[in-house]
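Written below as structure tokens is the structure these notes are about.
These figures come from a predicted structure and were not determined experimentally. Here is how names work: the chains are called A, B, and so on, in the same order as the sequence lines, proteins then strands, and each is numbered from 1. Just so you know, these numbers use all the heavy atoms, side chains as well, and skip hydrogens, waters and symmetry mates.
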Protein chains: 2
Amino acid sequence: MSLHVVLTVRKITGIVNGMQSATNEKALVHVVDDDASMCGALEGLFDSVGLQTKTYATAKDFLSASLSDRPGCIVLDVRLPDMNGLEFQTRLAQIGVGIPVVMMTGYGDIPMSVHAMKHGAVDFLPKPFRDQDMLDAVLAAIERDRQRRVVESDDSQLKERFETLSPREQEVMLLVTTGKMNKQVAGDLGISEITVKIHRGAAMHKMGARTYAELVRMADALKPNLRKLGR
Amino acid sequence: MSLHVVLTVRKITGIVNGMQSATNEKALVHVVDDDASMCGALEGLFDSVGLQTKTYATAKDFLSASLSDRPGCIVLDVRLPDMNGLEFQTRLAQIGVGIPVVMMTGYGDIPMSVHAMKHGAVDFLPKPFRDQDMLDAVLAAIERDRQRRVVESDDSQLKERFETLSPREQEVMLLVTTGKMNKQVAGDLGISEITVKIHRGAAMHKMGARTYAELVRMADALKPNLRKLGR
DNA sequence: CGCCGACCTATACATAGGTGTGATCCCGTG
DNA sequence: CACGGGATCACACCTATGTATAGGTCGGCG
């Protein structure tokens, strides 16, 4: 129990300092295309470089499937039976799925490709494409996903810790990390300085911050997430 | 003298906390196209919404011109007499010009547009385009430039201040902002704790940090810049 | 009801941070 | 050579922080 806490503390401090954990899980490529022969061809291509593939005939198939928690990317035909590829991209963003998308199309034009790229697509390949181009795109997308997953997991771990703080401890942490002195925080909250010290100490412990500087960095890393959820 | 210091201090702390200075300078659109009639048409279009325009017939013309220090963007034909628009984009990055680019073309294809977008273009418009689309792109590019300029000016101000610190003060600042205690820093540098306090205090003053938390944030904002120049 | 956890407060002591005064040493510049 | 700035250190003093001990209220839960 105590050991576990120490281990997680080490992990999170590494995170705050920007270390990358070696996430060497095998990647999974999601292919969404109603053309079965294309799905098969891509599966073969990806298999040849050791990438696992999962195919879906429609956008709905993909959206209703449960996503395994692995690094990966989505290879998407712009033209799907049930949905435009661009809409699909928007939907993914709405439901908070950040898996990078590689778009492909047989009939697209420039504005379509620009739109997709503006909305975060990793690449946009007109059909027919060269195998190598697709592979390059997919590998780049997977790399981007690995980065994203590291950042997201760091953020969520930080957020988890923060939520173990009592409301008062959270308030105190946010105020002291702005640089306010304990007595100023006490004034702001209408409580005594000694109480602030208690909450502050508790926050340090629960967050796993060994120094005040670490607490400041954690608070900074936390703030973007706090804005997303609520105020 | 003393007053000046106080003023700049206010400015930089605002910066660190993410305030945007109201950069309401008038924007300038650089149009690079060898087609004089296109240049004229664009100039008219931009003028109609109060944007100033400067035109260049070739990439070289632009690159040899002196850039005024104003927010703006570049509207660029992919096909230029002396250079490909994509190469031009690369050149801009190489020489450290971060002005956003809006690309336009009469003969482009999807891979070209994707390449441009991957390399940071704000938009890529096939000719003929609707005036409104061009205006939207240019206004978005200018807004992006304003943001970029705020960030860049903050960074450079921080860096300027940092360079007014003596070498020892810089070392001490970087060490204390990792969370090390004064005595630990003293041990690392082989000097006494009291000397560390002196340097630390000088660093706080010269950087304009009112609190230790601000100094930590400044150090964090500074580190990406320090890696660029040297180690 | 009794226990527990969150929250609040106080006293007291130890450690850390910040500043002023005064001083030494080295180095480069006028 | 004299001056000034950078770097170093010491003593003194005050403030801020961290923690332990001890005790209080309040609300929920078995």
Side-chain angles (χ1 to χ4, degrees), chain A residues 1-2 5-6 9 13 159-220 230, chain B residues 1-2 4-6 9 12-13 16 159-220:
Chain A
M1 186 73 160
S2 163
V5 171
V6 172
V9 165
T13 53
K159 193 161 144 291
E160 273 172 36
R161 280 169 200 289
F162 187 68
E163 279 163 359
T164 68
L165 305 195
S166 72
R168 240 349 182 201
E169 286 162 354
Q170 294 189 354
E171 280 182 294
V172 169
M173 170 172 165
L174 294 180
L175 286 174
V176 298
T177 51
T178 64
K180 282 185 156 72
M181 288 184 306
N182 289 340
K183 69 170 65 169
Q184 292 178 295
V185 175
D188 289 0
L189 297 178
I191 59 181
S192 80
E193 183 186 342
I194 188 85
T195 310
V196 173
K197 288 186 184 181
I198 305 287
H199 291 319
R200 179 179 183 150
M204 294 277 290
H205 271 114
K206 293 188 186 175
M207 295 301 293
R210 284 167 303 175
T211 66
Y212 174 58
E214 277 185 9
L215 196 69
V216 170
R217 296 196 164 95
M218 286 178 182
D220 282 357
Chain B
M1 183 75 160
S2 162
H4 172 258
V5 171
V6 171
V9 165
I12 213 169
T13 53
V16 167
K159 193 162 144 287
E160 271 171 39
R161 280 168 201 289
F162 187 67
E163 279 162 359
T164 68
L165 304 195
S166 73
R168 240 346 183 208
E169 287 163 355
Q170 294 189 356
E171 281 182 293
V172 169
M173 171 171 164
L174 295 181
L175 286 174
V176 299
T177 51
T178 64
K180 282 186 156 71
M181 288 183 307
N182 289 341
K183 66 169 67 168
Q184 292 177 296
V185 175
D188 289 359
L189 297 178
I191 58 180
S192 79
E193 184 185 344
I194 191 126
T195 308
V196 173
K197 287 186 184 181
I198 306 284
H199 292 319
R200 178 180 183 150
M204 294 278 289
H205 271 113
K206 293 188 185 175
M207 295 301 293
R210 283 167 303 177
T211 67
Y212 175 59
E214 278 186 8
L215 197 68
V216 170
R217 295 194 165 97
M218 286 179 182
D220 283 357

- Message: To check you understand the geometry: which heavy-atom pair defines the closest contact between Leu189(A) and Arg168(A), and what is its length?
- Response: O-NH2, 3.5 Å
- Of all heavy-atom pairs linking Ser192(B) and Ala186(B), the shortest is C-CB, 3.6 Å
Between [X] and [N], is there a contact of a side-chain N or O with OP1 or OP2 at under 4.0 Å?
| X | N | value |
| --- | --- | --- |
| His199(B) | dG6(D) | no |
| Asn182(B) | dA16(C) | no |
| Ser192(B) | dC9(D) | yes |

- Task: Look at all strands and tell whether Ile194(A) reaches a base, only sugar-phosphate, or nothing, counting heavy atoms closer than 4.0 Å.
- Result: base
Rounded to whole angstrom units, what separation is found between the [atom1] atom of [X] and the [atom2] atom of [N]?
| X | N | atom1 | atom2 | answer |
| --- | --- | --- | --- | --- |
| Met204(A) | dT19(D) | CE | C1' | 13 Å |
| Met173(B) | dG18(C) | CE | P | 14 Å |
| Ile198(B) | dT21(C) | CD1 | P | 12 Å |
| Leu165(A) | dA6(C) | CG | C1' | 13 Å |
| Lys180(B) | dA16(C) | NZ | P | 15 Å |
| Glu214(B) | dG17(C) | CD | P | 18 Å |
| Arg200(A) | dA16(C) | CZ | C1' | 12 Å |
| Tyr212(B) | dG18(C) | OH | P | 9 Å |

- Item | Non-neighbouring partners of Lys197(A) that pass side chain to side chain donor-acceptor pair (under 3.5 Å), sequence neighbours left out | none
- Message: Nearest 0.5 Å, please: how far is OG1 in Thr164(A) from CE in Met207(A)?
- Response: 7.5 Å
- Determine which pairs satisfy side-chain hydrogen bond (donor to acceptor under 3.5 Å, both in side chains) with at least one residue from residues 178-190 of chain A, sequence neighbours left out, and list them in order. Asn182(A)-Arg200(A)
Residue [X], side-chain atoms from C-beta onward, closest of [options]:
| X | options | answer |
| --- | --- | --- |
| His205(B) | dC9(D), dT19(C), dT9(C) | dT19(C) |
| Lys183(A) | dG18(D), dT19(C), dA16(D) | dA16(D) |
| Glu193(B) | dT17(D), dT8(D), dG17(C) | dG17(C) |
| Lys197(B) | dG18(C), dT9(C), dT17(D) | dG18(C) |

- Note on the structure: Of Gly190(B) and Thr164(B), the one whose closest nucleotide on DNA chain D sits nearer the 5' end is Thr164(B)
